[in-house]
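Single-structure report; data block below.
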Amino acid sequence: MINNTDSRRARRLALMASAAALMAFPVLAQEAAPAPDSSAVEAVVVTGIRATQRSSAETKRTSAVVVDAIVNDEIGALPDQSVGETLERITGVAADRFKGSASEISVRGLGPFLGFSTLNGREVSSGGGDRTVSFQQFPSELVNGVLVYKTQSADFVEGGVSGSIELRTLRPLDYGKRRFQLDLRGVYNPYDDRVSGRDGQGFRGSASYIDQFETAIGDIGVSMGYSHTDSSQPEDFYTGSSSFQPCNTVNTTPTAVAGGGAATNCSYSAASTNPVYFVSNGYTFRQLKTDDNRDAFMGSLQWKPNADWNVNLDLQLSSRTSVENRHDLTLAEGRRGIAPIQIAANGALRRFQGNSTLENVATYRQRDENYTGGGLAVERKGDRLTVSMDASYSKTHRNQVDRSARLRSNTLFGAGGRVAYTFDQTTDIPSITFATPINLDDPNAYTTNGYARRQMEDRTDEISAIRFDGTYRFDGFIESVKGGVRYSDHHRVADLDNNNNIDPLPTATGAALMAAGNANCRTGFQQSDWGKGSGSNITSWATFDARCLYATFAGAADAGPLADSRSSSDIDMREKIAAAYLMANFRSELAGKPVSGNFGVRVVRTKVDSNGFRGAYTAVNSGGVFVLQPIAGTFDPVNIKNDFTNILPSVNVNIDLRDDVKLRLAVSKSLARPNIEDMGAGRDLIADINGTTVEDAIAGASGGNPRLEPLQSWNSDVSLEWYATPDTTVSAAVFYKQLKAGIVPAYDSALIESVSIDGRTYQIPVAQQTNSKQENWLAGLELTAQHAFSWLPSPFDGFGVVGSYTYADSDFEYEDPSAVVPTAPLRDFTDPANVIGLSKYSGSATLYWEKYGASIRAVYKYRAGYFKPSGLTANRFVDDSGYMDVSASYDLNKHVQLKFQASNILSDHQVMWRPVAGSVAESSYFGPSYQLGVRFRY
């Protein structure tokens, strides 16, 4: 939080101290308690949290690579509200909180695009603008394990420089028992309770069934799970526009709204000695009413005709509909008449004066997302040879439609609808003091400059894949040799910028439409206590029903998409990947110590075929200045192909220093593919409005880059793990990565393409992402410990702790991409960002107590600030954050369990800034959420 630096520092110190204390607990425990009787330990049956910790430790211990996991043999045993929250508890894993939900998972301080996620080892499609998996579509009740592989082996599907995340579901025959489970929970969200017409209540339920059958054709197992969620994601939200400008002019008449400097936008002059400050083009306060409904199904059919064959068919379905009713109050002319009052040393404009119109925008957003995935896996085991085949399919379709309408302030607020103000952003949501008192809640003050906009994004992401693997076992140093091939076809189609707008409203009828909309669509402010605790004095404003206002202006409830949906932003990209690998598994002794591991190589061939559009333009001479005008409905197709090969060797060595101490050494080369929509072929021309020739009028072009190649990394890891008891483990790992071909904005004219205007071809520079020619390093440290205090007297023997801490740093530099705008050379004034998603410090601390059928768990998760870009705009950063979640359960008997969960109980919030610290870009307050329910298990 920008205004709580000392609090952030205290949290960081507390987390580090907690981690250090947790590392010491197991050592003290071993010294304080006698060695346990192994026969007694074997006789103890543990369940719940301790069972999960034991299973997770055993998964880590027996793996051939460095892995951290949370695994339970029971379905529905993960206590978190989402898979994302479960992942946050794994060492080295951090998440971005979007409206309170964990999303955009980062591993070892590297952003989401440097990781790779699978479900049961299969690649998963995405409905977002990148490759990031939406973990919300996989209910935690139907997932029994999440694993994060920190090192690579040749048989892993390529794609994770930071690590590979695998979600696991149960296979029914491997589960080995019949189980029916019903989980019902009521949801309460206090922020939603403050919204008009809402009570804060929601519902979450799931049902699952697992069974096995002995038949004449062999053993058959079936598992089915269904989950339904009806909830909300409210938030009090503030944002500055994505465009920030450097300025150093000073308006000398800050209380005026017209004339002289009051009517001029601030600007930058190299000749001025005034300090530079950064200004957004607009500032928005947003009130939200939301609905979120999700249905998900997971099913599996497993058949073992005999001991040699294993066939598994599985299916995942998910359908999600979310609706947002937005009510925005916007200070629309953020650069007009600026008179700085307080400028920070880094250029953050903390307090200033200016004048602006106010905009009242109502938006109704509906997003529908459907996921279908599944596959067929067949395995045959022989005495020495095992062969397998896996065919998979994954498809996500997301459609999002915004219908919005605007009214702007009139002369009730001042001449031209403008009002002079003092803006104070020393708090996380700014305050505004108006020079002349005005009533923001008066709907009569908003009657000008209306529009109706319909904006749509439609994405389909489809992945088909097939792989064949074979393992042959030997006697001797080489235990086995494994090889295989994989082919995948990834097709992304995106219809973007399909905007059917009426902007502005027709001159003849506009005034009457605005008057009718203002009179008939008033709602009154939809929430109490907006911005509570943020420090802002903006708590309410006039609001209008979005669908009513849009329908009044557009003449229809929904004007529908454009008849011609083509635009230069459209994506039609196909990525075909063929891979082959060969790997040897070995086991021997070194100086009397057991040694095992693997070495191998994976060869990957990628072909990219990207199609897009470039709008056609004509050059018009207007008084000696050439203006580039788009030709309506005319597009030139663009097709760009690319192909490349990557060779990825890997070595993993595991040394048992003692029966309970394992040393792991790993070296590998890995890759991370670029965001898929960064490889679009569409192009937009950038025009210079002062060009005296056609060449001068063409400032360049912007668009995607199908020629992007993956970021590559040489990785080295050392991990030392101590498994003192089944309930006590300590591990420390160091890692170093040499990064090459990092993806950065391109500023110079090295990327040249041809464009035809009026029959003549011009060579123009293209502003886009490109592969850096520099090599960079990233290094870090991970510490993990878990311990159950079973040596303490009852009831204290039910306590346990889990702690993790990660440090990561890099010399990577990501220059501010808005530097491509000639009038806003921000890179002259700002420091470059680091790796996307890199948090220098992150960690979690868990305290739990489990006894007498009761279980209580509290988890605190901390993450230092990190870079989170938003297109080719001024760099955006997320501030330090920490969240605490609590869960509890009580077993009434072996069949019935009461459950309670609370997320973000400390009511922490998220703050972003751009382009420098202290210059608030976004603030999101979403508060805690609670769940209370019952689980029936038979």
Side-chain angles (χ1 to χ4, degrees), residues 22-27 29-31 33-42 46 50 52-71 90-92 145 147-156 163-164 166 471 473-482 583-600 649-668 715-736 781-788 802-804:
L22 291 173
M23 301 305 162
F25 275 146
V27 178
Q30 300 310 304
E31 294 177 351
D37 183 339
S38 60
S39 62
V41 171
E42 290 299 324
V46 296
R50 285 183 62 188
T52 299
Q53 297 304 133
R54 283 190 176 189
S55 180
S56 302
E58 186 63 18
T59 298
K60 179 181 179 73
R61 184 175 190 171
T62 57
S63 175
V65 298
V66 178
V67 64
D68 285 292
I70 296 179
V71 179
I90 294 178
T91 304
L147 300 89
V148 179
Y149 297 100
K150 307 292 183 66
T151 59
Q152 302 288 317
S153 65
D155 59 339
F156 285 6
S164 298
E166 181 182 358
T471 303
R473 287 172 291 279
F474 297 91
D475 298 321
F477 171 71
I478 301 296
E479 282 194 321
S480 63
V481 173
K482 185 178 182 181
M583 182 180 76
N585 297 291
F586 64 87
R587 185 175 300 275
S588 185
E589 287 190 356
L590 179 65
K593 307 295 183 183
V595 178
S596 62
N598 60 61
F599 57 90
S650 61
V651 179
N652 293 277
V653 179
N654 307 308
I655 305 172
D656 293 336
L657 301 179
R658 294 189 333 211
D659 289 343
D660 59 348
V661 178
K662 186 181 289 286
L663 175 66
R664 300 183 189 269
L665 308 171
V667 176
S668 65
N715 318 295
S716 55
D717 295 76
V718 179
S719 176
L720 185 63
E721 303 161 7
W722 177 33
Y723 300 90
T725 73
D727 295 318
T728 301
T729 63
V730 178
S731 66
V734 294
F735 55 90
Y736 180 84
L781 165 71
E782 292 180 335
L783 301 173
T784 311
Q786 65 181 49
H787 178 63
V802 184
S804 67

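Throughout, numbering of the chain's residues begins at 1 and tracks the sequence. Values below: all heavy atoms of this structure, side chains included; hydrogens, waters and symmetry mates excluded.
At a threshold of 4.5 Å between non-hydrogen side-chain atoms, the residues Ser164 and Gln152 count as touching. A heavy-atom distance below 4.5 Å is found between the side chains of Leu663 and Val718.
Here the OG1 atom belonging to Thr728 is positioned 13.0 Å from the OH atom belonging to Tyr723, to the nearest 0.5 angstrom. Within the model, atoms CZ of Phe477 and CG of Asn585 stand 10.5 Å from one another, a figure rounded to the nearest 0.5 Å. The OG atom of Ser804 sits 8.5 Å away from atom CG of Asp68, with the distance rounded to the nearest 0.5 Å. Considering OG of Ser719 and NZ of Lys60, their distance stands at 5.0 Å, rounded to 0.5 Å.
Not counting sequence neighbours, Ser56 has no partner by the side chain to side chain donor-acceptor pair (under 3.5 Å) test. The side chain to side chain donor-acceptor pair (under 3.5 Å) search around Asp656 returns Lys662, not counting sequence neighbours. Every residue meeting the side-chain contact (heavy atoms from CB on, under 4.5 Å) condition with Ile478, not counting sequence neighbours, appears here in chain and number order: Phe474, Val481, Ala584, Phe586, Phe599. For the side-chain contact (heavy atoms from CB on, under 4.5 Å) test, residues two or more places apart in sequence or in another chain that qualify with Val661 are Leu657, Arg658, Leu720, Trp722. Looking at residues two or more places apart in sequence or on another chain, you find a side-chain contact (heavy atoms from CB on, under 4.5 Å) between Ser153 and Val65, Asp155, Phe156, Met583, Asn598, Asn652. Residues satisfying the salt bridge (Lys or Arg N to Asp or Glu O under 4.0 Å) test with Asp659, not counting sequence neighbours, are none.
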Exercise for review: Kindly indicate, with the supporting measurements, whether the criterion side chain to side chain contact (heavy atoms under 4.5 Å, CB included) is fulfilled by Asn715 and Thr151.
Suggested key: CA-CA 8 Å; Asn715 318 295; Thr151 59; over 6 Å; no

**Study point:** Pair Glu479-Ser596, side chain to side chain contact (heavy atoms under 4.5 Å, CB included): steps then yes or no
**Key:** CA-CA 9 Å; Glu479 282 194 321; Ser596 62; 6.0 Å; no

Check your understanding: Hey, mind stepping through Arg61 and Glu721 against side chain to side chain contact (heavy atoms under 4.5 Å, CB included) and telling me if it holds?
Key -> CA-CA 8 Å; Arg61 184 175 190 171; Glu721 303 161 7; 5.6 Å; no

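Side chain of Thr59 to main chain of Ser55: a donor-acceptor pair is present (N/O by atom type, distance under 3.5 Å, no hydrogens or angles). The backbone N or O of Ala154 lies less than 3.5 Å from a partner atom in the side chain of Ser650, making a donor-acceptor pair.
When all heavy atoms are compared, the tightest approach of Ala69 to Leu147 is CB-CG, 3.8 Å. Scanning both residues, Asn654 and Ala64, for their nearest heavy atoms gives ND2-O, 3.2 Å.
Counting only N and O atoms by type, the side chains of Glu782 and Thr784 include no donor and acceptor under 3.5 Å apart.
Of the residues Gln53, Arg54, His787, Gln786, the one that meets the side chain to side chain donor-acceptor pair (under 3.5 Å) test with Asp727 is Arg54.
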